[in-house]
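Below: one structure, written as structure tokens.
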Amino acid sequence: MADALKPASEAELAEIVASTSEPLEIIGTGTKRGLGRPVQAVRTLDMSAFSDIIAYEPEELILDVGAGTMLSDVENLIAARGQQLAFEPPDFSGLWQSEHSGTVGGLIACNLSGPRRLKAGAARDHILGIRAVTGNGLVFKAGARVVKNVTGYDMPKLATGSFGTLAALTSIILKVLPKPETEETVVLAGLDDTQAVSAMSLAMQSACEVSGAAHVPGEAVYLRLEGIAPSVAYRRDQLAKTLNRPIEILAAKSSAAKWKAIRDATAFASQPERPLWRLSVTPSEAPRIVREIGAALDIRYVFDWAGGLVWLEVPASEDASAALIRAALGEGHATLFRAPEPVRAVIDVFQPQPPPLAALSARVKSSFDPRHLFNPGRMYRGV
């Protein structure tokens, strides 16, 4: 990387940050550079050297890793012990035309979660602690392997989803959980968007412990069940009675393949020139939103999180149809997940914040990074 600084230790990182006055783009392997606004930085801060497995305690369900550790290495390590990251980290390499899924630090910085989020929570809910360096070059530790009651900032959660604008993460402590013994997916064909959301809502309100609920228009509604085989079979039968519709079943291998495709949004990988939006909405509003936008644009879409997440692909344009989409959204949030750099440079990639929230975000930024060195402009102009 041109003009890259690559610290080999936390102390060296702190010294680099303390001694520089130039804006820095924090990067691991660069797989998520396409998410967010283009960073207005002079130099790159390469964090790939922080790639250790610091501690893994399967019996305690604790994993402590360097922020530059490859996500695939972590998943292989814990899978060998029958464990997983329950928030189901997605692999968006197909969307961004990258070679791999990136690092744990990038995953946490972007707070990325898969279909199981609606049952297990987001990445933010599975982080126990961090070590990091502030924009003043100060090393700090927040959280720990042993959870205690604290007051004040929950800094690990604050750093999660901050896109590297608050601190440079050096290590991350995560909670791991046992992998389910098996899975099946209940399939409902022939439903329109409104019927699909109703069916997913009914499934999520049932006692069947559905761990994934998605609707692929023109294809089917998919409802995932995980656990030990007798429990999955029982809940499958109960869910069929609750839905009171004809169903098909995807067995474990086919179910896993389908949910990997949904998790990674592979349906939208074939046309990278088309902007892709990620809408967080009230599930009952999802059909109306896509209907209004679809009346004006040639769109493709998928509902995940029982309709609470809408993947929306639109035709290429100078503003990625941002005004139209946000006008239809109402109370939700719209993030431009994929678009060419010139488009991301001129529009709000993330949902614009109301003035009081924007002022709070600016104060938090200044408390961690008072010189505004880290990833300037990544989330919002001038921040």
Side-chain angles (χ1 to χ4, degrees), residues 31-37 87-98 101-102 106-118 121-124 160-163 193 197 200 212-217 259-283 285-290 292-294 297 299-317 319-341 343-344 347-353 378-380:
T31 59
K32 297 169 183 65
R33 266 181 160 165
L35 178 55
R37 301 183 68 254
F87 58 92
E88 206 168 358
D91 176 1
F92 292 132
S93 57
L95 295 184
W96 292 318
Q97 309 292 295
S98 57
S101 57
L107 173 75
I108 295 302
C110 298
N111 192 30
L112 297 175
S113 310
R116 202 181 290 111
R117 183 194 187 282
L118 49 67
R124 181 178 281 120
T160 307
S162 66
F163 287 80
D193 294 342
V197 169
M200 291 189 290
H215 168 50
V216 181
W259 285 101
K260 182 180 185 299
I262 293 170
R263 181 197 73 184
D264 299 343
T266 56
F268 305 104
S270 62
Q271 294 181 283
E273 73 282 359
R274 282 171 59 97
L276 181 65
W277 289 85
R278 184 174 163 118
L279 313 181
S280 296
V281 302
T282 302
E285 286 290 286
R288 177 195 61 79
I289 291 167
V290 297
E292 288 187 11
I293 298 171
L297 299 173
I299 64 172
R300 296 172 63 230
Y301 60 93
V302 168
F303 294 171
D304 198 357
W305 301 351
L309 169 64
V310 180
W311 289 104
L312 178 70
E313 186 187 79
V314 300
S317 65
D319 67 349
S321 304
L324 173 67
I325 289 167
R326 289 191 166 124
L329 205 58
E331 297 298 315
H333 289 78
T335 299
L336 181 56
F337 210 73
R338 179 188 68 199
E341 185 173 312
V343 176
R344 292 183 287 111
I347 71 165
D348 290 313
V349 170
F350 299 96
Q351 187 72 15
Q353 295 179 317
R378 177 73 183 268
M379 296 191 75
Y380 299 100

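Hydrogens, waters and symmetry mates are skipped; everything else that's a heavy atom, side chains included, is used. Note that the numbering runs from 1 along the sequence shown for the chain. As the structure is a computational prediction, the values presented were derived from the model and not from experiment.
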Could you tell me if the side chain of [Y] sits less than 4.5 Å from the side chain of [X], heavy atoms only?
X    : Y    : value
F92  : L35  : no
F163 : C110 : yes
H215 : D193 : yes

If you measure from CZ on R33 to CZ on R344, what distance do you get to the nearest 0.5 Å?
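One finds 10.5 Å between CZ of R33 and CZ of R344.
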If you measure from CG on L324 to CD on E292, what distance do you get to the nearest 0.5 Å?
9.0 Å
Just to verify, what does [X] make a side-chain hydrogen bond (donor to acceptor under 3.5 Å, both in side chains) with, not counting sequence neighbours?
X    : result
W259 : T185
R116 : E226
E285 : R288
Q97  : none

Hey, does the side chain of R124 reach the backbone of T160 with a donor-acceptor pair shorter than 3.5 angstrom?
yes
Between the side chain of D348 and the main-chain N/O of F350, is any donor-acceptor distance below 3.5 Å?
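No, because the side chain of D348 does not come within donor-acceptor range (under 3.5 Å) of the backbone of F350.
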Run the side-chain contact (heavy atoms from CB on, under 4.5 Å) test against [X] and tell me which residues pass, sequence neighbours left out.
X    : result
E331 : none
A334 : W277, L279, I325, R326, L329, Q351
S93  : D91, S98
A122 : N111, S113, R117, D125

My understanding is that only residues two or more places apart in sequence, or in another chain, count here; which of them pass ring-ring contact (aromatic ring centres under 6.0 Å, His included) with Y380?
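ring-ring contact (aromatic ring centres under 6.0 Å, His included) check on Y380 returns nothing, list empty.
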Does F87 have any ring-ring contact (aromatic ring centres under 6.0 Å, His included) partners at least two apart in sequence or in another chain, and if so, which?
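F87 satisfies ring-ring contact (aromatic ring centres under 6.0 Å, His included) with H126 once adjacent residues are dropped.
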Restricting to non-hydrogen atoms, name the atom on [X] and the atom on [Y] that form the minimum distance, rounded to 0.1 Å.
X    : Y    : result
S101 : T31  : O-OG1, 4.1 Å
A214 : I262 : CB-CD1, 3.9 Å
I293 : A328 : CG1-CB, 3.8 Å
P275 : L336 : CB-CD1, 4.1 Å
F268 : R338 : O-NH1, 2.6 Å
L297 : S321 : CD1-OG, 3.4 Å

Pairs meeting criterion side chain to side chain donor-acceptor pair (under 3.5 Å) with involvement of residues 260-276, two or more places apart
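Passing the test, one end in residues 260-276: K260-D264, R274-E313.
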Can you give me every donor-acceptor pair (side chain of residues 302-312, partner residue at least two apart or in another chain, under 3.5 Å) with its distance?
unit_1: W305; atom_1: NE1; unit_2: G114; atom_2: O; d: 3.1

